[in-house]
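Each ligand, and each atom within it, is numbered from 1 in the order the structure gives. Here, residue 1 is the first one in the sequence, and each next residue gets the next number.
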Amino acid sequence: MDVTHILDQLNDRQRDAVTAPVGNHLVIAGAGSGKTRVLVHRIAWLIEAEQVSPQGILAVTFTNKAAAEMRSRIESLLGISVRTLWVGTFHGIAHRLLRMHWQEAGLPQNFQILDADDQLRLVKRVMRALDLDEQKWPPRQAVWFINGQKDEGRRAREVPAGDDLFQITHRRIYEAYEETCQEGGLVDFAELLLRSHEIWLTRPDLLDHYQRRFGHLLVDEFQDTNTIQYAWLRVLAGRTGKVMAVGDDDQSIYGWRGARIENIHRFREDFADVGVIRLEQNYRSTGTILRAANALIGNNADRLGKELWTEGADGDPIQVYSGYNDLDEARFVAERTQDWIQAGGSPDEVAVLYRSNAQSRVLEEAMLRAQIPYRIYGGVRFFERVEIKNALAYMRLVHDRHSDPAFERVVNTPTRGIGDKTLEAVREIARARQVSLWQATKLGIEEKLLAPRAAAKLVEFLKLVDELAAACAEQSLHELADTCIQATGLLDFHARERGERGLARKENLEELVSACRQFTGDLVFPLEDGASAEVSVLEEFLDQVALDSGERESQAGPAVQMMTLHSAKGLEFPLVFLSGMEEGLFPHRMSAEEPGRIEEERRLCYVGITRAMKQLYLTYAETRRLHGQDTYNRPSRFLTEVPSALVQEVRMGGAVSRPYGSGRSRAAGGSFAEVDLPGLRMGQRVHHAKFGEGIVLQSEGSGERARVQINFQDVGAKWLMMGYANLEPLD
Ligand code: ATP
Ligand code: MG
């Protein structure tokens with residue numbers, strides 16, 4: 001049999017991993033060394049050389065997008081379709097299992113997935129019912145507690161009672177929340193895993209079935225598995241399943257969310273005869289970028305220790321830019337992106353990475369102004385937008401009248417005069433009678449438990465939803481979506497919102513209809529042997545939406561990718577900007593309080609740097625407006641951990657920029673003196689007769705030929721000749 005096409009384009013070490021005898025293996029290797037590639041080729045190898053049926057393979061990736069990509073790469077290596085192969089995220093796979101085995105899992109058939117936003121609302125409601133003060137007990141903290149416990153595999157009753165008020169209170173919230181979820185058939189993300197793990201433990205017949213089926217389990221990004229995921233995998237593998245785990249301890253960035261870097265060590269102890277394979281040759285980045293990454297991560301202790309090397313060229317130095325403020329930083333990023341595109345590059349070769357989502361708005365505006373197409377990953381996910389969630393809630397109610405979250409969401413949206421008091425009365429009935437809000441409304445109306453005016457309005461609402469359902473019965477998914485936004489008045493309601501926002505919301509709702517038109521069912525887990533034939537397209541769509549992690553590409557055409565460092569994991573781009581390299585922002589100020597967190601931030605920086613293939617920019621701002629406040633931060637310590645020989649400081653048009661860190665310029669070309677600006681300093685507010693008020697950004701040249709750049713409030717940044725500008729200092 002000819003398997004050369006699977007082994008071409010692999011180096012010797014990679015080939016060892018791909019062709020390793022069937023058994024347990026740990027591939028531990030640095031960024032860009034071909035771990036994901038090894039996993040893909042291994043699967044192709046198992047199918048072609050080891051004659052394993054695609055049905056017998058389960059592959060776990062970190063995102064749905066990565067899963068889809070993996071499937072298509074395997075198919076192109078093999079030249080056949082492998083629809084029966086399971087590839088997905090832990091959550092996606094667990095969800096699939098629960099849908100197929102809802103009875104065994106103790107769930108109603110139409111259980112609903114709660115996304116993060118739904119979960120928070122529900123926790124708030126539960127806390128209100130428990131009479132807990134939100135000021136004293138922030139609901140977000142309660143959500144955090146609950147998810148943390150679930151990630152560790154603990155049900156409320158298994159949480160140690162403890163004797164401090166924090167533990168006692170949160171345990172109570174967890175208990176009440178658990179009960180509410182069970183009654184309503186609601187399943188949050190962490191629950192997907194917890195419950196499917198419980199199936200393994202309580203249903204030996206099912207476990208046995210899947211153990212026989214999946215003889216081969218492959219996991220990418222293994223360093224970021226949490227306790228419950230690891231336990232799930234271990235039980236499923238049992239004595240017979242063979243696991244190939246692939247990861248990089250230096251890229252473990254989800255410790256704050258329960259990921260356990262120790263799983264790498266545990267794997268070697270818990271599984272039999274684990275073969276360890278290391279890869280150190282990097283195929284992604286230039287020598288310069290790699291050296292920077294190696295030096296930076298060298299500051300962390302307790303590493304498995306590995307150095308990346310490349311046969312490739314050194315490439316260009318890493319460029320560092322110090323913006324006067326966040327606007328200036330964003331403008332710079334947009335300008336350099338524009339240069340890249342003008343030089344023949346494509347926008348989708350560019351990634352702008354940041355530590356926190358709050359940074360994206362300013363960067364987004366700079367892209368808009370420069371007319372560069374961009375796409376935001378993960379920020380407010382398409383399916384989390386208010387108008388979309390409203391539309392989905394109507395679709396949900398059409399499918400299942402007893403969905404309380406959906407009911408709560410749209411009973412008074414668009415506004416139809418159903419107030420909080422009415423709703424509270426309905427909730428009270430639901431609590432007392434142990435029924436859904438929908439049923440409670442009906443009871444309230446029938447038994448005249450509600451004020452007549454309120455009751456009349458609720459009657460209208462119930463009628464509206466029933467009519468929708470009747471109208472939708474014969475419709476395809478996108479017709480249904482269209483009916484749900486038109487007949488409910490939702491489209492008009494949102495379109496009437498003021499200005500740009502109304503327009504955007506209307507467009508998004510229309511986009512939802514076209515998303516429904518394009519929906520072809522679950523690609524990651526195609527339906528098989530009728531196992532889930534009862535699942536309607538609508539239900540499948542609603543599930544898919546809840547599981548979507550912001551990877552939806554709603555905008556056509558190549559676009560600059562903007563995302564948090566966390567979501568950049570596993571990806572690569574020719575040109576990368578790491579923005580906001582400031583103490584307090586990155587490393588994040590929260591990380592200073594907890595031991596080990598700085599190291600995790602450093603790994604995050606390592607992930608960011610190693611996304612870059614050809615050119616890397618590190619940018620920061622001297623002042624930044626975040627959450628409505630001006631902050632002055634020192635440049636990030638990570639900047640000083642990159643050897644200065646690899647770095648070049650960007651000087652705009654030959655202008656002077658201020659060195660960061662030690663006070664020396666780290667520019668390869670030596671140090672510069674600041675230009676003397678008679679009567680002016682950087683950051684000063686000035687007035688110009690024609691352009692109005694502005695702020696001094698930088699200057700260049702001296703004497704008569706000195707030029708100064710001012711960022712004017714109304715007209716933006718402009719260079720002016722000092723000699724003629726007649727600037728009037730304002731403060
Ligand atoms: P990360 O840690 O960021 O997830 P990784 O170890 O999974 O990285 P890959 O994404 O698999 O690395 O590979 C990095 C890049 O190098 C990809 O573009 C891949 O196609 C390329 N590559 C990997 N191995 C080889 C090889 N032997 N020959 C040529 N290119 C390779
Ligand atoms: Mg990878």
Side-chain angles (χ1 to χ4, degrees), residues 4-19 25-45 59-74 76-77 87 89 218-225 244-254 259 261 264 277-287 289-290 292-294 296-297 303-304 306-313 315 348-349 351 353 561 563 565-576 578 603-614 616:
T4 44
H5 59 286
I6 298 177
L7 302 180
D8 290 351
Q9 300 183 312
L10 293 177
N11 66 32
D12 290 349
R13 311 266 41 229
Q14 292 173 332
R15 203 169 299 143
D16 289 346
V18 168
T19 62
H25 298 282
L26 178 64
V27 179
I28 194 81
S33 58
K35 293 183 297 299
T36 303
R37 176 181 277 226
V38 161
L39 216 63
V40 166
H41 287 243
R42 172 73 170 177
I43 293 171
W45 172 264
V60 185
T61 57
F62 213 73
T63 61
N64 294 322
K65 190 177 173 188
E69 220 169 271
M70 188 168 281
R71 185 188 296 283
S72 89
R73 279 162 72 185
I74 295 166
S76 81
L77 273 177
V87 195
T89 60
L218 300 98
V219 187
D220 200 0
E221 306 278 4
F222 187 69
Q223 74 281 354
D224 277 325
T225 50
M244 179 175 268
V246 161
D248 178 2
D249 56 315
D250 289 333
Q251 293 186 69
S252 165
I253 54 177
Y254 281 97
I261 206 170
I264 295 181
I277 299 160
R278 287 171 190 274
L279 313 169
E280 296 197 329
Q281 182 173 0
N282 173 292
Y283 289 90
R284 179 180 291 152
S285 312
T286 64
I289 292 167
L290 271 192
N294 282 336
L296 175 100
I297 200 69
R303 301 173 52 222
L304 291 175
K306 48 192 148 36
E307 286 277 299
L308 289 171
W309 58 274
T310 175
E311 280 177 351
D348 57 6
E349 292 168 338
L353 309 180
Q561 315 281 305
M563 67 189 94
L565 286 150
H566 280 99
S567 16
K569 202 164 76 151
L571 306 177
E572 58 188 24
F573 305 90
L575 173 60
V576 169
L578 294 197
R603 291 194 291 269
L604 192 55
C605 187
Y606 173 81
V607 167
I609 291 176
T610 54
R611 298 310 96 197
M613 299 163 79
K614 293 202 169 77
L616 174 65

Return the option from Arg611, Gln14, Lys569, Glu572 holding the heavy atom at the smallest distance from atom 3 (O) of ligand 1.
Arg611
Which residue and atom name correspond to the protein heavy atom nearest atom 28 (N) of ligand 1, and how close is it?
Tyr283 CE2, 3.5 Å
In chain order, what residues pass the side chain to side chain contact (heavy atoms under 4.5 Å, CB included) check against Thr19, with sequence neighbours excluded?
Leu7, Arg15, Trp45
Atom NZ of residue position Lys614 - does it have more than 12 heavy atoms of other residues, nucleotides or ligands inside 6.0 Å?
no
Could a heavy atom of Asp248 be found less than 4.0 Å from some atom of ligand 1?
no
among protein heavy atoms, the one nearest atom 2 (O) of ligand 1 is Lys35 NZ, 2.6 Å
Taking all heavy atoms of Phe573 and all of Asp348, pick out the closest pair and write down the distance.
CD2-O, 4.0 Å
Residues forming a side chain to side chain contact (heavy atoms under 4.5 Å, CB included) with Ile277, sequence neighbours excluded:
Ala17, His25, Val27, Leu279
I'd like to know if the side chain of Arg71 reaches the main chain of Ala67, judged simply by a donor and an acceptor atom lying under 3.5 Å from each other, with no hydrogens or angles considered.
no
Just one of Lys306, Arg278, Arg303 clears the salt bridge (Lys or Arg N to Asp or Glu O under 4.0 Å) bar with Asp249, so which one?
Lys306
CD/Gln9: more than 12 non-hydrogen atoms of other groups inside 6.0 Å
no
Run the side chain to side chain contact (heavy atoms under 4.5 Å, CB included) test on Arg603 and Ile261 for me, step by step, so that the C-alpha distance in whole Å, both residues' side-chain angles and the decisive distance to 0.1 Å come before the verdict.
CA-CA 12 Å; Arg603 291 194 291 269; Ile261 206 170; 4.3 Å; yes
Quick test: of every protein heavy atom, which one is nearest to atom 9 (P) of ligand 1, and how far off is it to 0.1 Å?
Gly34 CA, 3.7 Å
Shell of protein N/O/S atoms around the Mg ion (ligand 2), taken as anything under 2.8 Å
Thr36 OG1
Arg284: partners by salt bridge (Lys or Arg N to Asp or Glu O under 4.0 Å), with sequence neighbours left out
Glu572
What protein heavy atom sits nearest atom 8 (O) of ligand 1, and how far away is it?
Gly32 N, 2.9 Å
How far is atom 20 (O) of ligand 1 from the closest protein heavy atom, and which atom is that?
Arg37 NH2, 3.0 Å
Determine whether a donor-acceptor pair (N or O, by modelled atom type, separation under 3.5 Å) exists between the side chain of Asp220 and the backbone of Phe62.
no
Looking only at protein heavy atoms, which one is nearest to atom 4 (O) of ligand 1, and how far off is it?
Gly570 CA, 3.7 Å
N/O donor-acceptor pair under 3.5 Å between Ser285 side chain and Ala612 backbone
yes
Once you restrict to heavy atoms under 4.0 Å, what part of Gln251 touches ligand 1? Side chain, backbone, both or neither.
side chain
Please state which part of Gln9 comes within less than 4.0 Å of ligand 1, counting heavy atoms only: side chain, backbone, both or neither.
backbone
Using only atom types and a distance under 3.5 Å, with no angle test, would you say the side chain of Gln223 pairs donor to acceptor with the backbone of Asp248?
yes
Looking only at non-hydrogen atoms, the one of Gln223, Glu221, Arg13, Arg284 nearest atom 10 (O) of ligand 1 is Arg284
Of all the atoms in ligand 1, which lie at a distance below 4.0 Å from a heavy atom belonging to Gly30?
6 (O)
Given that the side chain starts at C-beta and the backbone is N, CA, C, O, which of these parts of Asn11 lies under 4.0 Å from ligand 1, counting heavy atoms, or is it both or neither?
backbone
